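So that the names make sense, note that chain A is the first sequence line, chain B the second, and so on, each numbered from 1. Every value quoted in this text rests on a predicted model; they were computed, and no experiment measured them.
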There are 2 protein chains.
Amino acid sequence: MFDFRIWFWIHLTMSLQIRFSLNDGLYLKDPQDSKLGKNIIQHSILLIDEYGFESFTFKKLAERIGSTEASIYRYFENKHLLLIFLVNWYWEWVSYLIKVNTMNVSDPRIKLKIIIHSFVFAPKDNPGVEYVNESKLHNIFISEGVKAYHTKDVDKDNSKGFFKSYKSLANSVSNIISEINPQFKYPYALATNLFEMSNNHIYFAKHLPRLTDISVNGNNVDEVETMLNYFADKLLS
Amino acid sequence: MFDFRIWFWIHLTMSLQIRFSLNDGLYLKDPQDSKLGKNIIQHSILLIDEYGFESFTFKKLAERIGSTEASIYRYFENKHLLLIFLVNWYWEWVSYLIKVNTMNVSDPRIKLKIIIHSFVFAPKDNPGVEYVNESKLHNIFISEGVKAYHTKDVDKDNSKGFFKSYKSLANSVSNIISEINPQFKYPYALATNLFEMSNNHIYFAKHLPRLTDISVNGNNVDEVETMLNYFADKLLS
DNA sequence: TTTTTTATGATAGTATTACTATTGTTTTAA
DNA sequence: TTAAAACAATAGTAATACTATCATAAAAAA
């Protein structure tokens, strides 16, 4: 499952600066293009993790990076679009990991295991873009992610393509599910459910443990992976 | 599945005014006790449904019911606690329906089917408290519910017992799951997952249809019910 | 019935948030 | 080297999320 050629290739790519092409309606100016933009990405992740999305403000962010509110507004129209941007980053990151790690794998059952592993361990197995703390990005995705598409603007945002990355992730996972069992009637629902379950149950284990059977000790999420594999196997058998 | 004696009993109880005993840390003064309080419950549901939680304010609510911000603040410390209150109301309502409708049922498999039916159809099958529009309450639960426990205050709120109703619901469902299959290792996770899936996929079908396989035409959520039954059967076989 | 308490309304005020606008200075690109 | 773009500094506005005070109306107690 761990291939040094791929690992090396990732590192090589990293050093050449990974860039995600995220929907350009999300920002006024691409933050990946400048020092200030990268600072905004880096420290918004840290600050949202620290304060929670509701208490996070552009003013606090500006203070933290030694800039001004007005400057941040030149990159993002508002904090909600910044959240969608970060959530998209996470979806793209997971998609990217799945692509790289399933590249040489032909058995769809093994592919699905790798996918589940990526859902659960995305931030830990791999080094990322230097200014993005993937572990904290995962944390804020787990805590705040659903807020990206639970708003009155979903339909408008959706029509602008802001959730395309999630759909594309769901699509590629569902294709593999259908490869495993072409008769299975709910490949998309299973795909999204495995993803949502992964995040939900990590959250539950940490904050509302009576809502789940698994436990997360420290950051050991093995039990979540085991559970998701069990669910997937059973449903596709 | 439909028992007229129970139906009559519900109506009788209704006419005697159903009261939910919700955690009294959620409010400063029990809104079920006064005209203004009931107005707050009734119209906050309508307004949150109309504006979405972020754009909903106590000022708008006060204007709508011909009262003042200050008066509403005498009932709820802030709009977040009001949301948790409403979400608790929904959990209690579902629990209540499950209790009533599974009362005379002994087969746990049938009980689980009734539970799934209650998750999906909660607002439609039964008349409710006269000042609560259960259908819109279900809508806002689907759209805004997760925000009740996705905050920086989860742990604090949890320690005050604000999520007890959900835990108790999860517990009773998981007991029935364990009755069906005592060997099943994840009764709590399955219980919460069926509930979350129900709400998620209704939401996806309406707003992000490429994330699911089912469709919801008008308010016909039959396909969701069928899917949940399929998942449950397969996992517990 | 009168008195007392409680509930609500009316009004005012504050700190913070979520922006927009303007102007000047620094950095980058032609 | 000059023009353009990016950023900082500052100021200002409307709305939000409250808190406080006082008057009045309704309900409960005496």
### Message
Quick check on salt bridge (charged side-chain N to carboxylate O under 4.0 Å, His left out): which of A/R64, A/K136, A/K60 does A/E50 satisfy it with?
### Response
A/R64

### Message
Tell me if the centroids of the rings in B/F195 and B/F141 come within less than 6.0 Å of each other.
### Response
yes

### Task
Kindly give the heavy-atom pair with the smallest separation between A/I140 and A/I45, and that separation in Å.
CG2-O, 3.9 Å

### Message
Just the rounded figure in Å: distance from P of C/dT6 to CG of B/L28.
### Response
16 Å

### Message
The criterion is side-chain contact (heavy atoms from CB on, under 4.5 Å); which residues satisfy it with B/S174, sequence neighbours excluded?
### Response
B/N171, B/P187, B/Y188, B/A191

### Message
Donor-acceptor pair, distance only, cut-off 3.5 Å: does the side chain of B/H207 make one with the backbone of B/Y203?
### Response
no

#### Entry: Distance test, side-chain N/O of B/K35 to OP1/OP2 of C/dT8, below 4.0 Å
no

#### Entry: Rounded interatomic separation in angstrom, taking CD1 from A/I40 and P from D/dA6
13 Å

#### Entry: Within residues 54-69 of chain B: residues closer than 4.0 Å to DNA chain D (heavy atoms)
B/T57, B/E69

Look for any protein N or O under 3.5 Å of an N or O in nucleotides 25-30 of chain C and output each such pair with its distance, or none.
none

#### Entry: Set of salt bridge (charged side-chain N to carboxylate O under 4.0 Å, His left out) partners for B/K147, sequence neighbours left out
B/E54, B/E144

### Query
With side chains defined as the heavy atoms from C-beta onward, is the minimum distance between A/L61 and A/F76 less than 4.5 Å?
no

### Task
May I ask you to decide if B/L46's main-chain N or O and B/N133's side chain share a donor-acceptor pair within less than 3.5 Å?
no

### Query
Residues from residues 72-81 of chain A sitting under 4.0 Å of DNA chain D, heavy atoms only?
A/R74, A/Y75

#### Entry: B/Y90 and B/S165 side chains, donor-acceptor separation under 3.5 Å
no

### Task
Using only side-chain N and O atoms of B/S34, determine if any of them is under 4.0 Å from OP1 or OP2 of C/dT8.
yes

### Message
Between A/T212 and A/H201, do the side chains contain a donor N or O and an acceptor N or O under 3.5 Å apart?
### Response
yes

### Task
Could you check how far CD of A/Q32 sits from C1' of D/dA6, rounded to whole Å?
18 Å

#### Entry: Nearest-angstrom distance from the residue atom CG of B/D33 to C1' of D/dA28
15 Å

#### Entry: Terminal helix-axis angle for the helix from C/dT1-D/dA30 to C/dA30-D/dT1, with five pairs defining each axis and rounding to 10 degrees
20°

### Query
Would you say A/D213's side chain and B/A189's backbone share a donor-acceptor pair under 3.5 angstrom?
yes

### Message
Could you go through B/K156 and B/F162, starting from their C-alpha distance and side-chain angles, then the distance that decides it, and tell me whether this counts as side-chain contact (heavy atoms from CB on, under 4.5 Å)?
### Response
CA-CA 9 Å; B/K156 211 192 297 165; B/F162 292 173; over 6 Å; no

### Query
If we only count heavy atoms from C-beta on, is the A/E92 to A/L22 side-chain gap below 4.5 Å?
yes

#### Entry: From D/dT10, C/dT11, D/dA8, nucleotide with atom closest to B/A70 side chain
C/dT11

